[in-house]
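One structure below.
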Amino acid sequence: MAPKPESQNPSHADAPPSGAASVDPLFHILKVLPFAFLRPPRLRLKLPTLTLPSPMTVYALVLLTYFMVVSGIVYDVIVEPPGIGSTQDPHTGSVRPVVFMPGRVNGQYIIEGLSSGFMFVLGGVGIVFMDLALDRNRDKSVKTSFATAGISSVVLAYVMSMLFIRIKIPAYLS
């Protein structure tokens, strides 16, 4: 059997019939008749005006988001670890609280994540303070205060973060 020759243009054969070219009289009545005596209302709607937030609001939201991400909020929600751990003293038998989960790099207590996140945010704010100390339009005493607060914040955040790592992993960098 020989193949059939195509006599129609394939682009016109697959196209659905439009409203004007439709042969169905019911379709034509339903499309035209309601608009013969109905008209759409004239609505004078005002678009809501959105104002941009202030730069400090954006900075605060970014800083809060950074704190939540580095604190491990997603991990805390999924795994649901305890807020603080406890261990029994072998000599006295008393139970004492433990803030850092020792030996587990991939696990954390809630307080451990929040304190580490606070130290990271403190270091970031210290860098912002050091940047503000470079402004030429500020008074010398204000620039000195910003520089002192920035440097001390960065140093404190670094020292405390290294202390946290040494508590968590006892043989780290020894």
* To do: Would you check if I167 and P102 make a side-chain contact, meaning some heavy-atom pair closer than 4.5 Å?
  => no
* Structure fact -> To the nearest 0.5 Å, atom OG of S145 lies from atom NZ of K140 at 11.5 Å
* Structure fact -> Taken to the nearest 0.5 Å, the spacing of L156 CG from S161 OG works out to 9.0 Å
* For D135, look at atom CG and say whether over 12 heavy atoms of other residues, nucleotides or ligands are found less than 6.0 Å away. => yes
* Asked: Does the side chain of R138 come within less than 4.5 Å of L132's, by heavy atoms?
  -> yes
* Give the minimum heavy-atom separation between M101 and E112, together with the two atoms involved. => N-OE1, 3.1 Å
* Heavy-atom check, side chain of V125 versus side chain of V121, under 4.5 Å -> yes
* Asked: Counting only heavy atoms not in F118, do more than 12 fall under 6.0 Å of its CZ?
  -> no
* Structure fact -> Nearest heavy-atom contact between Y59 and V128 is OH-CG2, 3.5 Å
* Asked: Can you find a pair of side-chain heavy atoms, one from K168 and one from I165, that are under 4.5 Å apart?
  -> no
* Structure fact -> dist I84:CD1 -> I111:CD1 (nearest 0.5 Å) comes out at 6.0 Å
* Asked: Do you know which two heavy atoms are closest between V77 and E80, and how far apart they sit?
  -> O-CG, 3.5 Å
* Quick one: closest heavy-atom pair of G83 and Y109, and the distance? => O-CB, 3.7 Å
* Asked: Do F67 and L114 have side chains that get closer than 4.5 Å, going by heavy atoms?
  -> yes
* Above 12 or not: heavy atoms from other molecules or residues under 6.0 Å from CZ of F146? -> yes
* **Nearest non-hydrogen partners of A147 and A133, listed with the distance** => N-CB, 3.6 Å
* **Nearest heavy atoms of M130 and V154, plus distance in Å** => CE-CG2, 3.7 Å
* To do: Hey, could you give me the CD1/CG distance between I127 and L122, rounded to the nearest 0.5 Å?
  => 10.5 Å
* To do: Could you go through the side chain to side chain contact (heavy atoms under 4.5 Å, CB included) check for V159 and L163 one step at a time?
  => CA-CA 6 Å; V159 168; L163 178 69; 5.6 Å; no
* Reported OG1-to-CG distance for the pair T57 and L52, which is rounded to 0.5 angstrom -> 11.0 Å
